[in-house]
Structures are given as structure tokens and as C-alpha cells.
Amino acid sequence: MKPTDVQISPEIAAAMAEGHAVVALESTLITHGLPWPENASTAIDAQRAVRASGSVPATFAVVGGSIRVGFSAGESEAVGRSCWFVRVWGRDLA
């Protein structure tokens, strides 16, 4: 995996550069954990809870062959509606 295969949102990059707390949130909750629309609303609620604590949420997933770190609420909803996501393990990233 090349460094260009990892896409970090500007918000997450800025938070990390400034030393703010960033909380990783797995996308499994959105893609496999719950049915639509509970999956998206739960993910968005988790992001809101992280923000309410003063931290920055960093939902992550493999999208189009790249690791994406940082999803907006709208992106979480779009992922939640999709049926094309598969589970990926560490061994699958190579």
C-alpha cells in the first residue's frame, strides 16, 4: 500500500497537526452492523457524541481501493445506503 492510498480528510489532518483529540470510528457499524436507516443514524449520532466531547470523529473505511479517514454525516449516510461494501481485514490491505 502506497501513502497515496490513504486519504485523510482536511479536518482530520488539521486536528492531528494541531494536537487535537481524534477518535477513530469503524465503518463496520455503518456497512454491516445495523440495517438501513439505523446504521447511518447511529453512525451520525456517534460522530455527534465524539464532537460533543471536544474531539474530532474519524470514521474510516476502504473506498475505491483507498483507505479513507474522516467521513461527513452525508458520506456516512451514502455508505449506509450502499450494499457494495465488504469486510476488510488487515491481511487484505496489502
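All values reported here derive from a predicted model rather than from experimental measurement. For this chain, numbers begin at 1 and follow the sequence in order.
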(request) Please list, chain by chain and in numerical order, all residues satisfying salt bridge (charged side-chain N to carboxylate O under 4.0 Å, His left out) with E38, sequence neighbours excluded. (result) none
(message) Side-chain heavy atoms nearer than 4.5 Å, only ILVMFWY residues, links allowed to pass through others: does that put V69 and V23 together?
(response) no
(request) Using a 4.5 Å cut-off on heavy atoms from C-beta on, say whether the side chain of P57 contacts that of L25. (result) yes
(request) Taking the side chain as every heavy atom from C-beta outward, state whether V22 and I12 have any atom pair closer than 4.5 Å. (result) yes
(message) If the condition is side-chain hydrogen bond (donor to acceptor under 3.5 Å, both in side chains), which residues does H20 pass it with, not counting sequence neighbours?
(response) E18
(request) Please list all pairs passing the salt bridge (Lys or Arg N to Asp or Glu O under 4.0 Å) test where one or both residues lie in residues 51-66, with sequence neighbours left out. (result) E11-R51
(message) Minimum heavy-atom separation for I8 and A13, please, with both atom names.
(response) CG2-N, 3.7 Å
(request) Could you tell me whether the side chain of V79 reaches within less than 4.5 Å of the side chain of F71, counting heavy atoms only? (result) yes
(request) Any pair with a residue in residues 52-68 that passes salt bridge (Lys or Arg N to Asp or Glu O under 4.0 Å), sequence neighbours left out, goes on the list, sorted by first then second residue, please. (result) R68-E75
(request) Run through the side-chain heavy atoms of Ile, Leu, Val, Met, Phe, Trp and Tyr, join any pair under 4.5 Å, and report what else lands in I44's cluster. (result) none
(request) May I ask you to decide if F60's main-chain N or O and S27's side chain share a donor-acceptor pair within less than 3.5 Å? (result) yes
(request) Using a 4.5 Å cut-off on heavy atoms from C-beta on, say whether the side chain of I67 contacts that of D5. (result) no
(message) My understanding is that only residues two or more places apart in sequence, or in another chain, count here; which of them pass side chain to side chain contact (heavy atoms under 4.5 Å, CB included) with S53?
(response) S55
(message) Show every salt bridge (Lys or Arg N to Asp or Glu O under 4.0 Å) that has at least one partner inside residues 78-88, sequence neighbours left out.
(response) E77-R81
(request) Tell me who clusters with W36, hydrophobic residues only, linked when side chains sit under 4.5 Å apart either directly or through other members. (result) none
(message) Applying side-chain hydrogen bond (donor to acceptor under 3.5 Å, both in side chains), can you list everything that pairs with T59, at least two apart in sequence or on another chain?
(response) Q47
(request) With sequence neighbours excluded, tell me which residues meet side-chain hydrogen bond (donor to acceptor under 3.5 Å, both in side chains) with S41. (result) none
(request) Would you mind listing every salt bridge (Lys or Arg N to Asp or Glu O under 4.0 Å) that reaches into residues 52-63, with sequence neighbours excluded? (result) none
(request) Enter the distance from N39:CG to S82:OG here, rounded to the nearest 0.5 Å. (result) 10.5 Å
